[in-house]
Amino acid sequence: MAMMRTPDGHSKLELTKYHSPAASGAEPENPPPNTLGLHRVMFAVDDIDDTVARLRAHGAELLGEVAQYESIFRLCYLRGPAGIIVALAEQIG
């Protein structure tokens with residue numbers, strides 16, 4: 001288990017990896033980000049392109065593309081090596 005604190009010190013995120021019992025496979029193996037019940041977390045970032053590049057170097061896979069929501073946000077989903085989906089949001093407006 002690891003506990004991450006946000007840069008402002010007001011929030012925490014717990015990351016847990018189970019060792020026992022053995023994990024059962026998810027169906028389908030790599031479901032899309034909008035699958036019901038899928039666990040994911042979103043982070044606000046200052047530079048989405050730089051963050052995507054750094055995460056890809058650690059095995060993350062960009063799901064789709066970086067999209068723009070109106071003139072407010074750039075958003076994307078990535079799947080990490082353990083299959084966890086991480087969403088990123090960069091405020092632009």
Side-chain angles (χ1 to χ4, degrees):
M1 183 181 327
M3 188 68 70
M4 298 173 59
R5 185 181 316 267
T6 57
D8 63 9
H10 294 292
S11 299
K12 296 177 186 174
L13 173 68
E14 177 185 317
L15 301 175
T16 305
K17 179 178 181 180
Y18 296 94
H19 296 280
S20 179
S24 59
E27 295 294 329
E29 185 175 329
N30 290 315
N34 63 342
T35 300
L36 289 175
L38 186 66
H39 298 281
R40 63 185 173 275
V41 62
M42 180 176 273
F43 293 98
V45 297
D46 294 327
D47 182 339
I48 201 166
D49 297 316
D50 176 65
T51 304
V52 167
R54 288 186 292 120
L55 291 173
R56 279 182 157 170
H58 292 283
E61 169 194 2
L62 183 64
L63 302 178
E65 59 187 39
V66 177
Q68 186 164 325
Y69 174 72
E70 298 180 352
S71 60
I72 304 170
F73 288 104
R74 294 181 70 216
L75 308 158
C76 71
Y77 290 107
L78 295 111
R79 186 184 317 276
I84 296 172
I85 292 180
V86 175
L88 303 176
E90 174 188 352
Q91 189 169 1
I92 56 174

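Please read all numbers here as calculations on a predicted model, not as lab measurements.
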Write down the atom of Ala60, the atom of Pro81, and the distance for their closest heavy-atom approach.
N-CD, 4.5 Å
Evaluate whether atom CZ of Phe43 has more than 12 neighbouring non-hydrogen atoms of other residues, nucleotides or ligands under 6.0 angstrom away.
yes
Do Val86 and Val52 share a hydrophobic cluster (ILVMFWY, side-chain heavy atoms under 4.5 Å, transitive)?
yes
Results of salt bridge (Lys or Arg N to Asp or Glu O under 4.0 Å) for Arg56 - residues two or more places apart only
none
Neighbour count >12 (heavy atoms, 6.0 Å) for atom CE, Met4:
no
Starting from Val45, can I reach Val66 by hopping between I/L/V/M/F/W/Y residues whose side chains sit under 4.5 Å apart?
yes
Rounded distance (nearest 0.5 Å) linking atom CG of Leu75 with atom CD1 of Ile48
6.5 Å
Let me confirm one number: the NE2-CZ distance from His10 to Arg5, rounded to the nearest 0.5 Å.
10.5 Å
Calculate, to the nearest 0.5 Å, the distance between atoms SG and CD belonging to Cys76 and Gln68 respectively.
13.0 Å
Can you run down the salt bridge (charged side-chain N to carboxylate O under 4.0 Å, His left out) pairs that involve residues 59-69, sequence neighbours left out, and say none if there aren't any?
none
Path from Ile85 to Met42 over hydrophobic side-chain contacts below 4.5 Å
no
Sub-4.5 Å side-chain heavy-atom contact between Thr51 and Leu78
no
Interatomic distance, CD@Glu90 vs CG@Asp49, rounded to 0.5 Å, equals 6.5 Å
In short, His58 meets Arg54 closest at the heavy-atom pair CD2-O, 3.0 Å
